Engineer: 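One structure, pasted below without further comment.
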Amino acid sequence: MAEQVDVVVVGLGVGGEETAGRLAQAGLRVVGIESRLVGGECPYYGCIPSKMMIRAANLIAETRRVEGIAGTATVQPDWAPVAKRIREEATDTWNDQVAVDRLAGKGATVIKDIATITGPNTVRAGDTEYEASRGIVIATGTVPSIPPIDGLAGTPYWTNREAIEVETLPASMLILGGGAIGMELAQVFARFGVQVTVIEGAPEVLAMEEPESGVLAREALERDGVTFRRGAHAKQVGYADGAFTVTLEDGGTATGEKLLVATGRRVATADLGIGKLGLDPAARRIEVDEHVRAGDRVWAVGDVTGVGAFTHNAMYQADIAVRDILREPDAPTASYHAMPRVTFTDPEIGAVGLTEKQARDAGLNVRTGSTPIPASTRGWIHKAGNEGFIKVVMDADRGVLVGATSAGPTGGEVLSALAVAVHAAVPVNSLRQMIYAYPTFHRAIGEALKF
């Protein structure tokens with residue numbers, strides 16, 4: 001006989017943990033099932049440890065910028081303290097007991113096992129079946145998407161997980177993929193002395209962002225010693241004598257001691273049993289409505305919904321799911337028109353809403369404005385490492401911003417003002433009449449609006 005509960009949360013990454021914890025605190029009987037680490041990818045293999053790596057690499061770069069501004073300085077990169085900090089301060093050597101205890105302390109029952117959905121309201125974990133009177137929340141995230149390249153399977157290639165866990169750096173590395181993950185890790189490893197080659201099939205890196213962003217990031221990494229093979233598709237992978245060789249479709253080759261595959265992520269719901277809920281097990285994502293409902297008494301939150309693979313979106317959707325499950329009369333509905341995202345390269349590249357191309361493809365009457373960060377007073381003062389720009393995308397018919405990019409030394413922080421403008425549809429005339437503090441990086445927003 002099934003154990004009776006109110007809600008079963010399948011997957012306890014960022015979104016699932018937040019959902020389970022808050023529902024339990026509200027007095028519901030909640031079972032959360034996770035086969036790996038409670039907390040998910042972000043605290044153990046993503047956001048937190050990778051930004052520790054980036055912080056360390058940026059300190060190296062800043063030290064090298066002292067010349068001509070504040071005297072002279074030398075730096076000897078050492079990976080050991082970085083690896084130690086990730087293990088001791090971020091991941092407890094990939095032990096999730098603190099997270100398990102935190103969630104249990106909120107009143108949720110945590111099951112470390114593989115979940116199988118067995119019916120419209122039932123989930124099995126181990127020998128126990130749970131029947132959820134209010135429903136099921138799916139928060140199973142994504143896994144690395146490994147391309148079917150001849151010879152790749154069976155080789156000791158890395159994903160982001162092995163890259164985060166590394167204690168001793170290789171002399172050289174190949175990276176498949178010039179998206180955010182590939183670019184961030186490429187710059188980190190290059191600044192610690194690794195010879196890095198990035199292989200990207202698109203004409204430019206960061207292909208989902210403004211073209212200017214890709215150029216800016218690539219040129220910055222080239223100054224750090226990274227080699228790029230753009231418009232290059234891997235045809236075959238070979239591994240012998242402790243080294244990888246990637247053969248490209250144009251006949252060229254690239255070699256490296258390690259191979260990092262950073263070609264995106266995919267959902268892994270084929271064996272979860274979502275067909276029992278009326279959902280397609282082969283779908284690329286679980287479709288949700290404005291209440292993040294995927295069906296009758298079924299909700300989905302986080303990366304599995306395909307709405308941006310971002311921790312902040314998982315938390316956003318978790319809040320909507322919680323309030324809908326609790327039947328709050330003023331429960332919010334989801335809107336993704338002002339989705340922010342940041343690529344934490346140096347310079348940081350923050351963006352919100354639509355790119356210029358996306359806006360034009362949507363049929364909007366588009367006007368844009370842009371200004372380089374070095375031309376701003378703060379950028380001029382900053383001098384070394386001041387590369388970047390502000391770009392705004394306006395729907396001229398409505399007179400509001402529908403997208404923007406903030407790239408620069410603090411691009412992700414400056415983005416906040418632009419995110420508010422896009423989210424709240426602040427009239428561009430109002431933005432032009434604002435008082436922008438002097439001398440700040442964000443003052444460049446005012447300049448970008450002078451079009």
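From a predicted model like this one, the values you see are computed outputs, not experimental measurements. Position 1 is the first residue of the sequence; numbering continues from there.
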Engineer: Under 3.5 Å, is there a donor-acceptor pair linking the side chains of Tyr157 and Glu162?
Structural biologist: no

Engineer: Run the salt bridge (charged side-chain N to carboxylate O under 4.0 Å, His left out) check on Glu356 and Lys391 step by step: do they pass?
Structural biologist: CA-CA 9 Å; Glu356 178 181 353; Lys391 179 176 180 178; 2.8 Å; yes

Engineer: Are more than 12 heavy atoms, taken from residues, nucleotides or ligands other than Leu248, located less than 6.0 Å from that residue's CG atom?
Structural biologist: yes

Engineer: Could you go step by step and tell me if Arg161 and Glu165 meet the salt bridge (charged side-chain N to carboxylate O under 4.0 Å, His left out) rule?
Structural biologist: CA-CA 6 Å; Arg161 293 192 166 206; Glu165 291 177 347; over 6 Å; no

Engineer: With a 4.5 Å limit on heavy-atom distance, are the side chains of Ile60 and Phe192 in contact?
Structural biologist: yes

Engineer: Which heavy atom of Thr142 sits nearest a heavy atom of Val267, and at what distance?
Structural biologist: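 Smallest interatomic distance, heavy atoms only, reads CG2-N, 4.0 Å.
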
Engineer: So which atom in Trp158 and which in Pro170 form the shortest heavy-atom distance, rounded to 0.1 Å?
Structural biologist: CH2-CD, 4.2 Å

Engineer: Nearest 0.5 Å, please: how far is CH2 in Trp299 from CD1 in Ile136?
Structural biologist: 9.5 Å

Engineer: With no hydrogens and no angle check, just 3.5 Å: does a side-chain donor-acceptor pair link Thr405 and Glu209?
Structural biologist: no

Engineer: I'd like to know if Glu34 pairs up with Arg36 as an ion pair, taking the criterion as any Lys NZ or Arg NE/NH1/NH2 lying under 4.0 Å from an Asp or Glu carboxylate oxygen.
Structural biologist: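 Arg36 and Glu34: not salt-bridged.
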
Engineer: Check this for me: Asp271, atom CG, are more than 12 non-hydrogen atoms of other residues, nucleotides or ligands nearer than 6.0 Å?
Structural biologist: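 At most 12 heavy atoms, drawn from other residues, nucleotides or ligands, come within 6.0 Å of this atom.
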
Engineer: Tell me whether Asp150 is salt-bridged to Lys235, with the criterion being a basic N under 4.0 Å from an acidic carboxylate O.
Structural biologist: no

Engineer: With the threshold set at 4.0 Å, does a side-chain nitrogen-carboxylate oxygen contact exist between Glu167 and Lys84?
Structural biologist: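 Not counted as a salt bridge, because no side-chain N and carboxylate O are separated by less than 4.0 Å.
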
Engineer: Using a strict 4.0 Å threshold on nitrogen-to-oxygen distance, state whether Asp319 and Arg22 make a salt bridge.
Structural biologist: yes

Engineer: Rounded to the nearest 0.5 Å, what's the gap from NE2 on His233 to CD on Glu249? Could you check?
Structural biologist: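 Reported to 0.5 Å precision, the distance equals 6.0 Å.
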
Engineer: Any Lys/Arg nitrogen of Glu200 or Arg229 sitting under 4.0 Å from an Asp/Glu carboxylate oxygen of the other?
Structural biologist: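 Salt bridge absent between Glu200 and Arg229.
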
Engineer: If you compare all heavy atoms of Gly350 against all heavy atoms of Leu415, which two are closest, and at what distance to 0.1 Å?
Structural biologist: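 Scanning both residues, the minimum pair turns out to be C-CD1, 3.8 Å.
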
Engineer: Looking only at atom types and distance, does a side-chain atom of Thr263 sit under 3.5 Å from a main-chain N or O of Gly177, one as donor and one as acceptor?
Structural biologist: no

Engineer: Please report the interatomic distance CD1(Ile149) to CG(Leu176), rounded to the nearest 0.5 Å.
Structural biologist: 5.0 Å

Engineer: Just wondering, more than 12 heavy atoms not from Glu129 lying within 6.0 Å of its CD?
Structural biologist: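 For Glu129, atom CD is crowded (more than 12 foreign heavy atoms under 6.0 Å).
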
Engineer: Can you tell me how far CD1 of Ile286 sits from OG1 of Thr140, rounded to the nearest 0.5 angstrom?
Structural biologist: 5.5 Å

Engineer: Which of these passes side-chain contact (heavy atoms from CB on, under 4.5 Å) with Val123: Thr118, Ile33, Val9?
Structural biologist: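 For Val123, the side-chain contact (heavy atoms from CB on, under 4.5 Å) check succeeds only for Ile33.
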
Engineer: Does Arg297 reach the side chain of Asn121, with side-chain heavy atoms less than 4.5 Å apart?
Structural biologist: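 Heavy-atom side-chain distance check passes, below 4.5 Å.
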
Engineer: Under the 3.5 angstrom rule, does the side chain of Thr345 hit a backbone N or O of Glu348 as a donor-acceptor pair?
Structural biologist: no

Engineer: Within a radius of less than 6.0 Å around CD of Gln195, do more than 12 heavy atoms belonging to other residues, nucleotides or ligands occur?
Structural biologist: no

Engineer: Is any side-chain heavy atom of Pro147 closer than 4.5 Å to one of Val261?
Structural biologist: yes

Engineer: Enter the distance from Thr343:OG1 to Met208:CE here, rounded to the nearest 0.5 Å.
Structural biologist: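 Thr343 OG1 to Met208 CE: 11.5 Å, rounded to 0.5 Å.
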
Engineer: Does the pair Glu17/Arg102 count as a salt bridge with the N-to-O cut at 4.0 Å?
Structural biologist: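 Judged by the 4.0 Å cut-off on N to carboxylate O distance, Glu17 and Arg102 do form a salt bridge.
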
Engineer: Would the distance check show the side chain of His312 and the main-chain N or O of Pro340 forming a donor-acceptor pair, the cut-off being under 3.5 Å?
Structural biologist: yes

Engineer: Going by an N to O cut-off under 4.0 Å, is there a salt bridge joining Asp96 and Lys112?
Structural biologist: yes

Engineer: Give a yes or no on whether His423 atom NE2 has more than 12 heavy-atom contacts from other residues, nucleotides or ligands under 6.0 Å away.
Structural biologist: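 Not more than 12 within 6.0 Å, no.
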
Engineer: Measure the acute angle between the ring planes of Tyr336 and Tyr316, then classify it against the limits of 30° and 60° as parallel, tilted or perpendicular.
Structural biologist: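 Tyr336 vs Tyr316 ring planes: perpendicular.
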
Engineer: Looking at Trp94 versus Tyr44, is the centre-to-centre ring distance below 6.0 Å?
Structural biologist: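 No, they do not, as the ring centres are separated by 6.0 Å or more.
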
Engineer: Side chains of Pro43 and Thr91, heavy atoms from C-beta outward: is any pair under 4.5 Å?
Structural biologist: no

Engineer: For Asn58 and Gln187, test the side chains for any donor-to-acceptor distance below 3.5 angstrom and give the result as yes or no.
Structural biologist: no

Engineer: Are any of the side-chain heavy atoms of Arg293 and Asp324 separated by less than 4.5 Å?
Structural biologist: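 Yes, their side chains come closer than 4.5 Å.
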
Engineer: Under 30°, 30 to 60°, or over 60°: which ring-plane class applies to Phe244 and Tyr239, parallel, tilted or perpendicular?
Structural biologist: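 Correct class here is tilted.
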
Engineer: To the nearest 0.5 Å, tell me how far Gln317 CD sits from Ile320 CD1.
Structural biologist: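 One gets 7.0 Å once the value is rounded to the nearest 0.5 Å.
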
